[in-house]
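The analysis underlying the following values was restricted to heavy atoms, covering all of them including side chains, and did not include hydrogens, waters or symmetry mates. Throughout, protein chains are lettered first and strands after them, A, B, ... in sequence-line order, and every chain is numbered starting at 1.
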Amino acid sequence: MSDKRVRVRFAPSPTGGLHLGGVRTALFNYLFAKKHNGDFVLRIEDTDQNRYVEGAEQYIIDCLNWCGITPDESPVTPGQYAPYRQSERKTLYREYAERLVMQGHAYYAFDTAEELDKNRKEIPNFQYGQVYRDGLRNSLSLPQHLVDQLLADHTPHVIRIKIPADQTVSFTDMIRGRVSFETNTIDDKVLLKADGMPTYHLAVVVDDYLMKISHAFRGEEWLPSAPIHLLLWDYLGWKADMPQWAHLPLILKPDGHGKLSKRDGARLGFPVFALDWEGTEGFSGMGFLPEAFVNFLATLGWNDGSGHEIFTLDELVTKFSIDRISKAGARFDFEKAKWFNAEWIKKVKAERLKVEVKKVLTDKGIIVEDDTYLLTIIELIKDRCTLLPDFYQQSAYFFQTPAGYDLNAVKPKWTNEKTDFFKAIIEQLKSTEKLIAADFEASFKALAEEKGLKTGDVMLPFRIMLVGGKFGPHVFDIAALLGKDETIDRVEKALIEFTA
RNA sequence: GGCCCGUUCGUCUAGGGGUUAGGACGUUAGAUUUUCAUUCUAGAAACAGGGGUUCGAUUCCCCUACGGGCUACCA
């Protein structure tokens, strides 16, 4: 590793929602940059106008912000290497492509899409490369005057790289070690499209150079095109400045085979996007904490070797290291993702959860007026919540009387003695000034004994009176929080139902 | 088909020439909780196969198998 400043980029194309794999690539970029006091750049690779999706760029930025991995430089917060959208850099790529043509490393090609399709169909293993290029319509095969004429007539054309024969291109990947390719198996990829836009291959090299990128992280699907990029770095004369490459293992589908795709979420019933995207619920919408989401993503293909799995973003930054990234693809496991969220809900303070929980309750029509009351409730129930919406189910009864009662759990075993007991409880409560959990528990038990009832026989009914079902924290804590009047009220109401 | 990458419990992974192959999720059983969850304890569960190298290979090398990726004027 040289001593030049660490600069990394996350370079997504705005073609839709940002899925797990993309966010993880961004995260690893961020972690590496921050660990080495470097810069994290967001560059939008919108060179394909056909696939451009309105709003996708803003969505990507929102996702990164939600995750807490905000770029230092981006289209909306440009640094000195602006612009950060490749579409806005369009004019600059042509110059480099022409330069390659002049040097004999690239050439003009006039073949139409139809002609190429025909070849691909008729010739087995057809490649636009050294074997066939002489028989096709390009500046290598056509006489110079004809090429000049075609160019002068503005005949649609592309610029292709001229892959050399009989060479071995190899490099050292930070994750995979030495990787080699034979140039004879590589085809002459298009560098500049007929519309003047560069393809990924040209744009990524030019921009990484111009933006002084020192380390390039990208998914493993890019490995096969790495030799093209290596050749380009060389031909453009920038070899000494080439970033170090790191091809990240892919995130695979939880079932079956293949890499995780955007459609898998809908099919398998779990989110693949960080934030909601066009009606598809994301991790955020499903009730994940960004801390948990990021933590989970970090462990998909990386671990710190200690056996610990719960890390804050800052901890990830200090612990991150490329040599602990695994080579094999990681299957996405939604159960594990949920476990991370549950751990994070337990770990953070109630205060941290306040805004999110309030929103969950508000969405369900519960207006929270007293923040202190809410905080106490959150503290009391957070250990039993996995996703944010669980807070509704676990706390609704604190704000409204139970919508219904689990009558099956009480009615079959109901007796007149129990009715008497609860009537006595009401009276006892009425005569106390304030409901204190410990005091009330003691007197509740004493009264049960006095009436010849087993505490257990009245505890469950009491819980169901207050909560509606067999769940929730210590019942006397609930009563104390509800307060004397509300408790009395609920017991009275429930009694009617239980004895009906 | 061609090229490239990969392969330790169901899943994420640790380990690495001699280990009872460790942890986590999930799962099973039990304890605690007079509810549920949490928590705790215990259990089942893996080195793809074949050749080398070696005193010894899960670990190093080769082959095979399997998995994955790429093979567009998409990224």
Side-chain angles (χ1 to χ4, degrees), chain A residues 11-15 45-51 86 109 111-113 116-117 120 124-128 156-160 173 175-177 179-182 184-187 189-201 203-204 218-227 247 249-250 252-254 257-259 296 299-310 324 326-340 342-343 346 381-386 390 394 406 409 445 448 454-464 467 469-475 478:
Chain A
S13 33
T15 54
E45 311 228 333
D46 54 351
T47 53
D48 185 353
Q49 284 141 346
N50 301 319
R51 295 210 307 155
Q86 288 182 331
D111 318 85
T112 64
L116 293 177
D117 278 349
R120 276 189 266 266
N125 297 330
F126 171 82
Q127 284 201 143
Y128 206 122
H157 64 277
V158 299
I159 292 180
R160 288 181 180 270
D173 184 274
I175 294 169
R176 275 147 230 286
V179 184
S180 309
F181 302 83
E182 297 303 321
N184 291 344
T185 67
I186 303 169
D187 55 345
K189 291 285 180 212
V190 170
L191 300 179
L192 201 75
K193 302 186 255 189
D195 65 0
M197 276 286 192
T199 58
Y200 173 84
H201 306 296
V204 74
R218 63 190 353 178
E220 193 189 346
E221 71 267 29
W222 289 111
L223 202 46
S225 47
H247 290 90
L250 263 16
L252 278 10
K253 297 177 196 292
H257 310 293
K259 65 172 174 173
F296 165 65
T299 63
L300 235 40
W302 173 87
N303 73 86
D304 85 327
S306 73
H308 290 144
E309 295 186 285
I310 305 296
R324 295 209 63 89
S326 41
K327 295 181 176 70
R331 202 154 301 206
F332 170 70
D333 181 3
F334 190 46
E335 289 305 317
K336 185 100 188 209
K338 285 195 287 191
W339 175 78
F340 270 102
E343 288 300 306
K346 279 186 281 189
I381 64 170
K382 71 193 190 73
D383 284 9
R384 51 191 76 216
C385 295
T386 298
D390 294 344
Q394 291 291 337
D406 183 354
K445 286 179 176 172
K454 276 188 282 183
T455 330
D457 290 341
V458 281
M459 285 272 269
L460 186 63
F462 184 45
R463 166 178 299 282
I464 292 172
V467 175
K470 290 192 280 185
F471 64 94
H474 197 52
V475 69
I478 297 172

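- A distance of about 9 Å separates the C1' atoms of B:G10 and B:A45, rounded to the whole Å.
- The NE2-P distance, from A:His474 to B:U35, rounds to 11 Å in whole Å.
- Shown here are the side chain to side chain donor-acceptor pair (under 3.5 Å) partners of A:Lys327, two or more places apart in sequence or in another chain: there are none.
- The side chain of A:Thr47 contributes an N or O atom lying less than 4.0 Å from OP1 or OP2 of B:A75.
- In this structure A:Thr112 satisfies the side-chain contact (heavy atoms from CB on, under 4.5 Å) test together with A:Glu114, A:Glu115, sequence neighbours excluded.
- Rounded to the nearest Å, the gap between the P atom of B:G30 and that of B:A48 is 35 Å.
- Taking the six-membered ring for Trp and the full ring otherwise, A:Phe296 and A:Trp339 have centroids separated by 6.0 Å or more.
- With sequence neighbours left out, A:Asp173 forms a side chain to side chain donor-acceptor pair (under 3.5 Å) with A:His247.
- Rounded to whole Å, the separation between the C1' atoms of B:C9 and B:A46 comes to 4 Å.
- Remark: A:Gln86 engages A:Glu45, A:Asp207 in a side chain to side chain donor-acceptor pair (under 3.5 Å) (not counting sequence neighbours).
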Enumerate the protein-to-nucleotides 26-29 of chain B contacts in which both atoms are nitrogen or oxygen and the separation is below 3.5 Å.
none

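- Closest approach of A:Pro198 and A:Thr47 over heavy atoms only: O-CB, 3.4 Å.
- Scored by the side chain to side chain donor-acceptor pair (under 3.5 Å) test, A:Asp195 finds no partners at all (sequence neighbours excluded).
- Within 4.0 Å (heavy atoms only), A:Pro156 reaches no atom of the nucleic acid at all.
- Taking side-chain N and O atoms only, A:Lys382 has no distance below 4.0 Å to OP1 or OP2 of B:A37.
- Separating the C1' atom of B:U11 from that of B:U7 is a span of 15 Å, rounded to the nearest Å.
- A:Thr455 contributes a side-chain N or O that forms a donor-acceptor pair with the base of B:U34 under 3.5 Å.
- Remark: C1' of B:A75 and CD of A:Gln49 are 14 Å apart, rounded to the nearest angstrom.
- Taking atom CZ of residue A:Arg384 and atom P of nucleotide B:U33, one finds them 14 Å apart after rounding to whole Å.
- A donor-acceptor pair is defined here as one N or O able to donate and one able to accept, closer than 3.5 Å; such a pair exists between the side chain of A:Arg384 and the backbone of A:Gly472.
- The ring pair (Phe, Tyr, Trp, His ring centres under 6.0 Å) search around A:Phe471 returns A:Tyr397, not counting sequence neighbours.
- Rounded to whole Å, the distance from CG on A:Asp173 to C1' on B:G69 is 14 Å.
- Using P as the reference atom, B:A44 and B:G23 are 12 Å apart when rounded to the nearest Å.
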Strictly under 4.0 angstrom, non-hydrogen atoms only: write out the protein contact profile of nucleotides 1-9 of chain B, one letter per nucleotide from the 5' end, B, S or -.
B-SSBSS--
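- The residue A:Gly469 sits apart from the nucleic acid: no heavy atom pair falls under 4.0 Å.
- Contacts of A:Lys338 with the nucleic acid, taken as non-hydrogen atoms under 4.0 Å apart, are absent.
- Under the rule for a side-chain contact (heavy atoms from CB on, under 4.5 Å), the partners of A:Asp117 that lie at least two apart in sequence or sit in another chain are A:Arg120.
- If you check every strand for non-hydrogen atoms under 4.0 Å, A:Lys454 touches nothing.
- For the pair A:Arg331 CZ and B:C12 P, the computed distance is 6 Å after rounding to whole Å.
- Taking atom CZ of residue A:Phe340 and atom C1' of nucleotide B:C25, one finds them 9 Å apart after rounding to whole Å.
- In this structure, A:His201 places its NE2 atom 8 Å from P of B:U71, rounding to the nearest Å.
- Comparing the C1' positions of B:G15 and B:A24 gives a spacing of 15 Å, expressed to the nearest Å.
- Pairing of B:C3, defined by two Watson-Crick or G-U wobble distances under 3.5 Å, is identified with B:G69.
- Of the C1' atoms belonging to B:G49 and B:C66, the separation is 10 Å, rounded to the nearest Å.
- For the side-chain contact (heavy atoms from CB on, under 4.5 Å) test, residues two or more places apart in sequence or in another chain that qualify with A:Gln127 are A:Asp187.
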Report each atom pair, protein N/O against N/O of nucleotides 19-22 of chain B, whose distance is under 3.5 angstrom.
none

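- The backbone N or O of A:Tyr128 lies less than 3.5 Å from no partner atom in the side chain of A:Arg160, so there is not a single donor-acceptor pair.
- Phosphate proximity of B:A75 to A:Arg51: absent, as no side-chain N or O sits under 4.0 Å from OP1 or OP2.
- At a threshold of 4.0 angstrom between heavy atoms, the contacts of A:Arg218 with the nucleic acid are absent.
- Of all nucleotides present, only B:G10 satisfies the Watson-Crick or G-U wobble test against B:C25, with each distance under 3.5 Å.
- Applying the side-chain contact (heavy atoms from CB on, under 4.5 Å) criterion to A:Glu220, with sequence neighbours excluded, gives A:Arg176, A:Leu223, A:Leu250.
- Checking side-chain atoms of A:Lys253 against main-chain N and O of A:Phe332 turns up no donor-acceptor pair under 3.5 Å.
- The nearest whole Å value for the distance from the CD1 atom in A:Ile310 to the P atom in B:C12 is 18 Å.
- Taking atom P in both B:A14 and B:U8, the straight-line distance is 10 Å, to the nearest Å.
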